[in-house]
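Here the structure is laid out as structure tokens; the discussion comes afterwards.
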Amino acid sequence: MNGFFSRRISSRNQYFISATIIILVALLCYLLSGVMGYRVAALVLLLTVSLLAVIFDILPVLFSALLSALIWDYFFIPPRFAIHVDNTEDAILLVMYFVIALISGVLTYKIRDMEKKLRLKEERSNSVKLYNTILNSLSHELRTPIAAIIGATDNLQTNFNLTDENKKQLVNEISKASLRLNQQVENLLNISRLESGHIQPKNDWCDVQELVYDIAKRVEENNISRRINVSINNNLPYCKLDKGMLDQILYNLLNNAAVHTGVESRIDISVMCHADLLKIIVEDNGQGFVNIPIKNVFRKLSRYDTDPNKGSGLGLSIVKGFTDALKGSIELKNKSAGGAEFTIWIPVQTEVLQSH
């Protein structure tokens with residue numbers, strides 16, 4: 001808040017606002033002078049100067065301290081309405097008031113300035129840490145598909161004894177690696193969109209059943225050994241939501257399950273709609289999240305306890321971000337029989353016309 005005011009209010013306006021506040025506080029004290037002594041008024045004005053130092057720059061604060069001292073002398077210290085002090089005690093009090101007001105204002109401003117510098121230093125440190133984390137995480141995830149593309153391409157260009165079947169396999173590897181590389185780039189773009197804070201859903205009517213089957217097919221094509229079991233009520237209505245966001249949510253959940261579970265593990269997705277609430281469950285019977293706390297799973301690039309070089313990547317943080325953008329909620333739990341279960345609820349409008 002401190003930085004907000006000092007940035008948004010010009011220096012001239014800071015002088016004007018400071019003077020106005022000091023005058024208003026002094027007026028209130030003057031109206032109450034019958035029940036409070038002039039020493040109490042001094043304490044109130046000192047407090048006001050200290051509060052102004054929390055908000056404004058140093059020069060307007062020093063101006064406030066000088067103005068408050070003059071006002072206190074002229075309107076409160078006997079004799080009133082004169083820049084004159086009769087006794088030594090009041091003269092010392094006036095000098096002390098001015099000095100304390102200056103010191104209070106300067107120290108408060110210095111503390112605020114120091115806090116600002118420490119905050120900026122911490123933000124830079126966190127930015128560097130996040131940059132290194134992203135670089136370390138993506139260096140492996142990007143290097144793998146790039147290496148596959150380069151290896152397959154080099155093989156096609158230099159090996160003239162390849163059979164048509166070999167060539168077909170190499171082309172398939174290039175295609176799979178390209179899709180994986182494209183997904184990583186999309187994840188980076190999606191994280192940037194989410195962190196910009198300007199992402200807004202563009203709701204339109206969507207056939208969720210068709211979308212789910214399409215995503216399941218795409219994930220299976222990228223992970224040939226995996227099969228996804230889809231369970232959807234044929235009477236599922238059309239839902240009004242952002243299709244692109246839901247696509248990213250489901251793709252990242254299913255792809256995450258396909259990549260991080262064994263070939264023998266089962267992956268299931270079920271979709272149902274209760275009134276105007278779309279419910280989606282994605283589950284598997286793998287190991288579940290045993291190496292990372294559940295509360296950290298949706299954090300960007302969370303690290304495993306057992307291996308700091310491995311973590312949740314960007315996919316699940318994108319799932320959480322887009323679910324929140326759709327005003328939905330997501331819950332994760334480790335199943336007692338083994339595996340993980342994600343449950344998503346998204347409020348939607350439904351169309352009475354059914355998809356099938």
Can any side-chain N or O of [X] pair as donor or acceptor with the backbone N or O of [Y] at less than 3.5 Å?
{"X": "Asn233", "Y": "Asn235", "value": "yes"}
{"X": "Lys335", "Y": "Asp284", "value": "yes"}
{"X": "Asp268", "Y": "Val282", "value": "no"}
{"X": "Arg226", "Y": "Val259", "value": "no"}
{"X": "Ser68", "Y": "Ala65", "value": "yes"}
{"X": "Asn252", "Y": "Val319", "value": "no"}
{"X": "Ser175", "Y": "Val171", "value": "no"}

Exercise. Just wondering, do Leu156 and Ile174 contact through their side chains at under 4.5 Å, heavy atoms?
Worked result: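 A side-chain contact exists here, since the closest heavy-atom pair is under 4.5 Å.
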
Exercise. Within a strict 4.5 Å, meaning less than it, do heavy atoms of the Val106 and Leu62 side chains meet?
Worked result: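 Yes. Closest side-chain heavy atoms under 4.5 Å.
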
Exercise. Between Phe16, Tyr15, Phe56, which is the residue that forms a ring pair (Phe, Tyr, Trp, His ring centres under 6.0 Å) with Phe63?
Worked result: Tyr15

Hey, is [atom1] on [X] packed in by over 12 heavy atoms from elsewhere, all under 6.0 Å?
{"X": "Met272", "atom1": "CE", "answer": "yes"}
{"X": "Asn87", "atom1": "CG", "answer": "yes"}
{"X": "Lys327", "atom1": "NZ", "answer": "no"}
{"X": "Glu220", "atom1": "CD", "answer": "yes"}

Problem set entry | Distance-only polar pair, side chains of Asn166 and Thr163, donor-acceptor under 3.5 Å |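 The criterion, which ignores hydrogens and geometry beyond distance, is satisfied for Thr163 and Asn166.
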
Exercise. Which class fits the ring pair Phe75 and Phe81: parallel under 30°, tilted 30 to 60°, perpendicular over 60°?
Worked result: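 Perpendicular: the ring planes of Phe75 and Phe81 meet at over 60°.
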
Exercise. Cluster question for you: counting only ILVMFWY and a side-chain heavy-atom cut-off of under 4.5 Å, with indirect links fine, are Leu120 and Ile111 together?
Worked result: no

Exercise. Is there a path of hydrophobic side-chain contacts, each under 4.5 Å between heavy atoms of I, L, V, M, F, W or Y residues, that connects Leu107 with Leu51?
Worked result: no

Exercise. Could you go step by step and tell me if Val219 and Ile267 meet the side-chain contact (heavy atoms from CB on, under 4.5 Å) rule?
Worked result: CA-CA 11 Å; Val219 174; Ile267 302 174; over 6 Å; no

For this session: Start with the C-alpha gap between Gln209 and Asn234, add the side-chain angles, then the distance that decides, and say whether side-chain contact (heavy atoms from CB on, under 4.5 Å) holds.
Result: CA-CA 8 Å; Gln209 180 174 355; Asn234 287 333; 3.6 Å; yes

Seminar exercise, completed: The single option from Leu250, Leu236, Ile280 that satisfies side-chain contact (heavy atoms from CB on, under 4.5 Å) with Val212 is Leu250

Do [Y] and [X] meet the salt-bridge criterion of a basic N to acidic O distance under 4.0 Å?
{"X": "Asp204", "Y": "Lys202", "value": "no"}
{"X": "Asp164", "Y": "Lys168", "value": "no"}
{"X": "Asp247", "Y": "Arg218", "value": "yes"}

For this session: Go through the steps to decide whether Trp345 and Leu278 satisfy the test side-chain contact (heavy atoms from CB on, under 4.5 Å), and finish with yes or no.
Result: CA-CA 6 Å; Trp345 294 271; Leu278 183 67; over 6 Å; no

For this session: Before giving the answer on side-chain contact (heavy atoms from CB on, under 4.5 Å), spell out for Glu173 and Leu170 the whole-Å C-alpha distance, their side-chain angles and the decisive distance to 0.1 Å.
Result: CA-CA 5 Å; Glu173 288 183 12; Leu170 290 173; 4.1 Å; yes

Problem set entry | Partners passing side-chain hydrogen bond (donor to acceptor under 3.5 Å, both in side chains) against Asn203 (at least two apart in sequence or in another chain) |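 With neighbours one apart ignored, the set is empty.
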
